[in-house]
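Down below is the structure, laid out as structure tokens.
Values reported hereafter were calculated over all heavy atoms of this structure, with side chains retained and with hydrogens, waters and symmetry mates removed. Atoms within a ligand are numbered from 1 in the order they appear, just like the ligands themselves. Numbering of residues begins at 1 and proceeds along the displayed sequence.
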Amino acid sequence: MTAVLELRHTGFRYRRADSAALEDVSLTIEEGSGVGLVGESGAGKSTILSLLLGLSSPTSGAVWFDGAPLNRRDRAGMRAFRRNVQMVFQDPYSSLDPRQRVDRIVGEPLSSLRLATGSAARERVAEALTAVGLPADAALRYPHEFSGGQRQRIAIARAIVSRPRVLLADEPVSALDVATRIQIIELLRELSVAGTTVVMVSHDLGVVASLCERTVVLRSGRVIEQGPTRTVLGAPAHEYTRRLLASVPRLPR
Ligand code: ADP
């Protein structure tokens with residue numbers, strides 16, 4: 001297995017914050033092996049996603065992509081990175097621009113990353129919409145015409161239109177009703193079976209257990225334990241993980 005993304009001894013402190021949000025975090029995202037990030041609120045999960053997405057730079061340590069440290073001054077390298085690491089946010093109501101038609105929304109990464117224009121771009125958008133289970137005519141409509149679950153499909157279509165190797169997802173189903181959740185989890189599973197590496201933050205350990213081969217448990221900006229999900233969540237080594245398992249909601253099987 002090859003490492004597609006890594007944090008190496010990474011620390012992060014927000015500006016004007018008294019303490020570090022992350023301290024000496026090391027984790028490896030292997031190509032094709034989904035990773036779940038779990039831990040109580042404030043543990044540092046979202047901060048890790050923002051580092052893995054290249055939105056923030058570590059205060060110490062480094063983010064590695066494809067075997068090399070991420071270098072913001074390397075423009076070609078950053079374009080390859082952006083094409084390959086995409087993000088799905090929690091709330092499909094605020095993450096889609098209501099004034100833009102779906103074809104513009106989904107096609108945006110193709111134009112901003114200069115991957116395709118014109119009919120080639122339209123084909124890629126249609127392909128992405130089909131992959132997430134939306135009808136082709138969805139392209140000509142606006143976000144308000146869709147339900148929450150369909151909007152999350154649009155957000156996922158935008159995230160996969162550049163054919164990324166890694167999809168980062170921050171609580172991708174927690175804003176959705178229970179029936180829709182199961183459908184979106186199924187869609188993420190299909191994408192992961194098709195080869196996309198899904199890195200997910202979820203407070204729902206059932207979702208993590210069903211989608212992620214590996215789990216990283218965080219607390220106060222540090223890794224408490226990490227390893228295969230069946231070990232970490234099935235036979236946790238730490239009291240903190242056991243408490244987390246006892247306290248969080250789970251998806252009905
Ligand atoms: P999680 O996603 O696990 O809830 P976060 O990554 O959001 O945790 O937060 C990690 C730590 O960083 C917390 O102590 C939080 O209060 C702090 N933090 C998060 N965002 C900011 C910010 N914009 N400015 C200052 N501190 C922040």
task = Answer with yes or no whether G44 contacts ligand 1, where contact means a heavy atom under 4.0 Å from a ligand atom.
result = yes
message = If the threshold is 4.0 Å, N to carboxylate O, is there a salt bridge linking R165 and D66?
response = yes
task = Kindly indicate whether the side chain of R189, heavy atoms from C-beta on, has any atom under 4.5 Å from the side chain of E186.
result = yes
ask   = If you measure every N/O of G42 against every N/O of ligand 1, is any gap under 3.5 Å?
value = yes
request  = Could you tell me the residue and atom name of the protein heavy atom closest to atom 3 (O) of ligand 1, and the distance to it rounded to 0.1 Å?
outcome  = K45 NZ, 2.7 Å
request  = Apply ring pair (Phe, Tyr, Trp, His ring centres under 6.0 Å) to Y14 and list each qualifying residue two or more places apart in sequence or on a separate chain.
outcome  = F12
message = Please list the nearest protein heavy atom to atom 9 (O) of ligand 1 with its residue and the distance rounded to 0.1 Å.
response = T47 OG1, 3.9 Å
query = How close does the nearest protein non-hydrogen atom get to atom 26 (N) of ligand 1, and which residue and atom is it?
reply = Y14 CD1, 3.4 Å
query = Roughly how far apart are L233 CG and T241 OG1, rounded to 0.5 Å?
reply = 8.0 Å
message = Any heavy atom of E40 closer to ligand 1 than 4.0 angstrom?
response = yes
query = What distance do L27 atom CG and L218 atom CG have between them, rounded to the nearest 0.5 Å?
reply = 7.5 Å
ask   = Hey, which atoms in ligand 1 end up nearer than 4.0 Å to a heavy atom of A43?
value = 1 (P), 3 (O), 8 (O)
query = How about atom 15 (C) of ligand 1: does it have a protein heavy atom within less than 4.0 Å?
reply = no
query = At what distance is the nearest protein heavy atom to atom 7 (O) of ligand 1, and which residue and atom is it?
reply = S46 CB, 3.9 Å
ask   = Are R163 and E127 close enough for a salt bridge, meaning some N to O gap below 4.0 Å?
value = yes
message = One thing to verify: whether R181 and D177 come together as a salt bridge, which I'm taking to mean a side-chain N less than 4.0 angstrom from a carboxylate O.
response = no
message = Between ligand 1 and A21, is the shortest N or O to N or O distance under 3.5 Å?
response = no
